[in-house]
Amino acid sequence: MKFSKSVLFALGTGLMFSASDFSLFSIESSNGSSAISIFSQVQAAEDNTRKTKRVPAMRERVYSQLARAQKIADGGDTQAGIEVLDAVKDRLSSLNSYEKAMLFNFYGFLYYGIEDVDNAITSFEKVVADKEGVTDALYMSTLYSLAQLHMQKQDYIRAEQALKNWQTEKNGELNASEHVLFAQVFYQQKNYQKALNSIDNAIAISEQSGEALRENWLILKRAAHYELKQPQQVTRVMEQMVRLYNKPQYWLQLSGMYGEIGEEDKQLAVMEAAWQAGYISKEEDIMTLAQLYVYHQLPYKAALLMQSAMDDGRLAVDLKRLQLLSQSYMLAKEDDKAIPVLVQASEISETGEFDAQLAQAYLNLEQWQKAIESAEQALNRGGVENIGDMHLAMGMGHFNLKRFEQSLLAFAQAEDVPEVRNTAQQWSKYVEKEKGYYVQLAQVQN
């Protein structure tokens with residue numbers, strides 16, 4: 001049983017990073033005084049596999065001003081901290097390359113702190129403008145931060161370029177988090193296969209190291225498979241998400257995916273397990289389970305589910321739901337339980353469609369007079385799909401009440417309806433025969 005896309009997926013990827021995704025590293029002044037925390041990404045030190053680059057030292061007077069700006073900003077007055085940096089920038093020509101880089105690095109940090117992403121990007125771009133004048137660690141970490149900031153601005157082309165520049169400078173393989181960032185950039189550019197390759201690399205690294213898979217990684221993997229129209233793979237990812245995170249929405253989505261790939265037995269089993277676990281509360285999900293029960297020829301379970309949900313207020317009553325409930329009872333051969341539901345539906349319906357169903361239910365229960373009355377009401381109210389069935393119902397009701405003339409009249413009217421003509425003719429012959437037999441019997445008795 002397939003679900004619509006709207007039911008299957010609320011696959012919001014949740015792929016964008018936040019401020020918490022950034023880490024801090026520290027630098028020291030030229031005389032080795034205490035470190036100042038600055039905004040950046042990746043490690044504080046140079047990779048020990050990379051040659052150390054000689055850059056100019058930061059002089060004490062510059063260091064003290066940067067430290068002062070940091071202290072003021074930490075105290076809550078970021079704008080005043082920026083003004084201190086502005087005073088340093090007024091003497092920009094007197095600064096060496098490393099001091100300039102650190103100045104703009106601090107600008108980037110403070111601008112980001114007040115959510116001025118555009119100025120943060122501009123500042124960090126100045127940090128990497130002179131590659132030879134900054135340490136490799138600062139150069140690389142700033143490129144990485146720029147990639148993330150471009151992502152925040154949804155400028156994924158520039159984000160990818162910054163990442164590629166960073167990767168060119170990196171010595172060694174990417175770690176899992178770095179693969180994920182590439183995957184995010186590729187996904188946002190609709191390059192789903194590349195995104196999938198990157199997220200699979202991240203997952204493989206995580207599994208090899210024995211680390212638990214992060215939920216948002218699996219969300220990204222699921223989304224990529226979905227965009228690539230790979231429902232089998234989407235299902236496998238959903239199985240992992242159910243096992244690892246056990247969230248209600250994942251159970252429901254997994255059930256939907258089983259239906260999508262034709263594994264209907266698993267679809268029902270997962271949906272029923274979700275119900276038993278208390279994960280189903282929305283009306284549409286209750287109705288989905290009821291429809292699954294009917295689809296799998298378990299109409300009585302469907303009826304019990306809907307009746308219980310209606311009785312305790314979890315499922316609002318409307319004509320469509322009453323119709324499924326009554327049909328479920330009737331499919332389960334529980335016509336006596338279907339009748340109150342059909343009566344309720346008839347009272348709020350503007351047509352005779354539920355009166356027609358009542359006529360059939362009363363026939364099944366051999367309540368002949370009520371069957372006749374319901375069929376008549378169905379015809380009077382209109383909206384009945386096959387009026388021939390109602391004439392047949394009246395004919396059968398009158399026949400069983402020994403009203404042969406009224407029965408024959410009803411079957412004659414039914415003969416005017418092509419869909420039931422043959423059945424009506426057969427009944428007419430039978431009634432004529434029974435009428436004759438009944439008359440003969442009456443004469444003998446007299």
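All values reported here derive from a predicted model rather than from experimental measurement.
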Quiz prompt | Side chains of Gln188 and Gln154, donor plus acceptor under 3.5 Å | solution = no
Quiz item: Quick one: do the Asp285 and Trp275 side chains pair a donor with an acceptor below 3.5 Å?
Solution: no
Practice problem: Without swapping roles, check the side chain of Ser141 against the backbone of Leu138 for a donor-acceptor pair under 3.5 Å. | Solution: yes
Quiz item: For Asn165 and Tyr139, does a side-chain donor sit closer than 3.5 Å to a side-chain acceptor?
Solution: no
Exercise. Examine distances only and state if a side-chain atom of Asn216 and a backbone atom of Ile219 form a donor-acceptor pair shorter than 3.5 Å.
Key: no
Quiz item: Does CD1 belonging to Ile157 count more than 12 external heavy atoms closer than 6.0 Å?
Solution: no
Practice problem: Determine, for Glu239 against Arg236, whether the closest basic-nitrogen to carboxylate-oxygen distance falls under 4.0 angstrom. | Solution: yes
Exercise. With sequence neighbours excluded, tell me which residues meet salt bridge (Lys or Arg N to Asp or Glu O under 4.0 Å) with Asp200.
Key: Lys221
Practice problem: Please assess Phe399 against Trp368 for the test ring pair (Phe, Tyr, Trp, His ring centres under 6.0 Å), listing each intermediate value before the final yes or no. | Solution: CA-CA 9 Å; Phe399 169 75; Trp368 311 119; 8.9 Å; no
Quiz item: Side chains of Gln70 and Asp74: donor-acceptor distance under 3.5 Å anywhere?
Solution: yes
Quiz item: Can you list the residues that meet the salt bridge (Lys or Arg N to Asp or Glu O under 4.0 Å) rule with Asp312, with sequence neighbours excluded?
Solution: Arg314
Quiz item: So how far is it from Leu268 CG to Glu263 CD, rounded to the nearest 0.5 Å?
Solution: 13.5 Å
Exercise. Indicate whether any N or O donor in one side chain lies under 3.5 Å from an N or O acceptor in the other, for Tyr156 and Lys190.
Key: no
Exercise. Check whether any side-chain N or O of Thr168 sits under 3.5 Å from a backbone N or O of Lys164 as a donor-acceptor pair, and report yes or no.
Key: yes
Quiz item: Are side-chain heavy atoms of Asp416 and His391 found at a separation under 4.5 Å?
Solution: no
Quiz item: Without hydrogens or angle criteria, can the side chains of Asn197 and Gln193 be said to hold a donor-acceptor pair below 3.5 Å?
Solution: yes
Exercise. Check whether the ring centres of Tyr192 and Tyr187 lie less than 6.0 Å apart, and answer yes or no.
Key: yes
Quiz item: Is it the case that Asp355 and Ser346 place a side-chain donor and acceptor less than 3.5 Å from each other?
Solution: yes
Self-check item: All side-chain contact (heavy atoms from CB on, under 4.5 Å) counterparts of Glu284, not counting sequence neighbours
Solution: Lys282
Quiz item: Does the side chain of Tyr144 pick up a donor-acceptor pair with the side chain of Gln167 at under 3.5 Å?
Solution: no
Quiz prompt | Donor-acceptor pair between His225 and Gln230 side chains, under 3.5 angstrom | solution = yes
Quiz item: For residues 293-310, which residue pairs qualify under salt bridge (Lys or Arg N to Asp or Glu O under 4.0 Å), counting only residues two or more places apart or in two chains?
Solution: Glu272-Lys301
Quiz prompt | Non-hydrogen atoms of Leu85 and Ala69 that approach each other most closely | solution = CD2-CB, 3.6 Å
Quiz item: For Asp389 and Val420, which heavy atoms make the closest approach, and how far apart are they?
Solution: OD1-CG1, 3.6 Å
Quiz item: Mind checking whether Thr235 and Tyr258 have side chains closer than 4.5 Å, heavy atoms only?
Solution: yes
Quiz item: Considering all heavy atoms of both residues, which atom of Ala393 and which atom of Ala375 are nearest to each other, and what is their separation?
Solution: CB-CB, 4.2 Å
Quiz item: Under 3.5 Å, is there a donor-acceptor pair linking the side chains of Arg381 and Ser349?
Solution: no
Quiz prompt | Gln267 backbone acceptor or donor facing Ser255 side chain under 3.5 Å | solution = yes
Using atom types as modelled, flag every donor-acceptor pair under 3.5 Å from a side chain in residues 430-438 to any protein atom, sequence neighbours excluded.
residue: Lys435; atom: NZ; partner: Glu405; partner atom: OE2; Å: 2.2

Practice problem: Evaluate whether atom CZ of Arg214 has more than 12 neighbouring non-hydrogen atoms of other residues, nucleotides or ligands under 6.0 angstrom away. | Solution: no
Quiz item: Under 4.0 Å between a Lys/Arg side-chain N and an Asp/Glu carboxylate O for Asp118 and Lys153?
Solution: yes
Practice problem: Only counting residues at least two apart or in another chain, list the ones meeting side-chain hydrogen bond (donor to acceptor under 3.5 Å, both in side chains) with Asp311. | Solution: Gln307
Exercise. Inspect the surroundings of CD in Glu173 and state if more than 12 heavy atoms from other residues, nucleotides or ligands are less than 6.0 Å away.
Key: no
Quiz prompt | Plane angle bin for Tyr250 and Tyr245 - parallel if under 30°, tilted between 30 and 60°, otherwise perpendicular | solution = perpendicular
